[in-house]
Amino acid sequence: MKKPEGVIWCDKKRPFLGLPWSFTRYYLYDDKLVIDTGLLSRKEEEIRLYRIMDVSLKRGLGQRIVKIGTIHCCSGDKTAPEFELKHIKNSREVKNKLSDMIESERLKRHVGMREYLDGDDCEVMNDR
């Protein structure tokens, strides 16, 4: 997969034996993550990195065998409060790179995050 200009990392969803037979593409830029899905009717979701609050990695036995994983993200983005980068290659390295870039972007934009836990509810406030 050829990287478009300005892209730091890109990959395709690999749903079958780690092979990129999918129409879902992921692009990581300096300040945003883009999830492009579809063949004839395409949808492009853009999430600013400073809005991502939590990143976790899931790797089942089958995924570990073919060396792929799924990165689950929680964000403050209204259109994509939770999303996943499904079945990607080098998932641990990508998760670490993404986490570092999120923290860097938050520091650059002077965005802090405070969480108020009240029972099961979690309210997140961004400070500028």
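This structure is a prediction, so every number in the text was calculated from the model and none was measured. Quick note: numbers below take in every heavy atom, side chains included, and nothing from hydrogens, waters or symmetry partners.
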To the nearest 0.5 Å, what is the distance between [atom1] ([X]) and [atom2] ([Y])?
X   : Y    : atom1 : atom2 : answer
S91 : R64  : OG    : CZ    : 11.0 Å
D31 : M101 : CG    : CE    : 8.0 Å
I35 : E46  : CD1   : CD    : 11.0 Å
I68 : L17  : CD1   : CG    : 8.5 Å
R48 : R106 : CZ    : CZ    : 14.5 Å
E45 : K32  : CD    : NZ    : 12.5 Å

Are [X] and [Y] grouped together when hydrophobic residues (ILVMFWY) are joined by side-chain heavy atoms under 4.5 angstrom apart?
X   : Y    : answer
Y50 : L107 : no
I71 : I8   : yes
I88 : I102 : yes

Salt-bridge present (E105, K108; N to O < 4.0 Å):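 Looking at K108 together with E105, the answer is yes, because their closest N to O distance falls below 4.0 Å.
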Partner residues of D36 under the salt bridge (charged side-chain N to carboxylate O under 4.0 Å, His left out) criterion, sequence neighbours left out: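 R25, R42.
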Please check: side-chain N/O of [X] versus main-chain N/O of [Y], any donor-acceptor pairing under 3.5 Å?
X   : Y   : answer
R14 : H87 : no
R51 : S75 : no
S22 : P15 : no

So do [Y] and [X] actually touch side chain to side chain, heavy atoms under 4.5 Å?
X   : Y   : answer
L33 : F83 : yes
V7  : V34 : no
I47 : T79 : no

Within 6.0 Å of NZ in K86, more than 12 heavy atoms from elsewhere: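 Result for NZ/K86: open.
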From CA spacing to verdict: side-chain contact (heavy atoms from CB on, under 4.5 Å), L49, L98: CA-CA 8 Å; L49 293 182; L98 182 60; 3.8 Å; yes
Residue list, side chain to side chain donor-acceptor pair (under 3.5 Å) with T70, at least two apart or on another chain: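 Only Q63 meet the side chain to side chain donor-acceptor pair (under 3.5 Å) criterion with T70.
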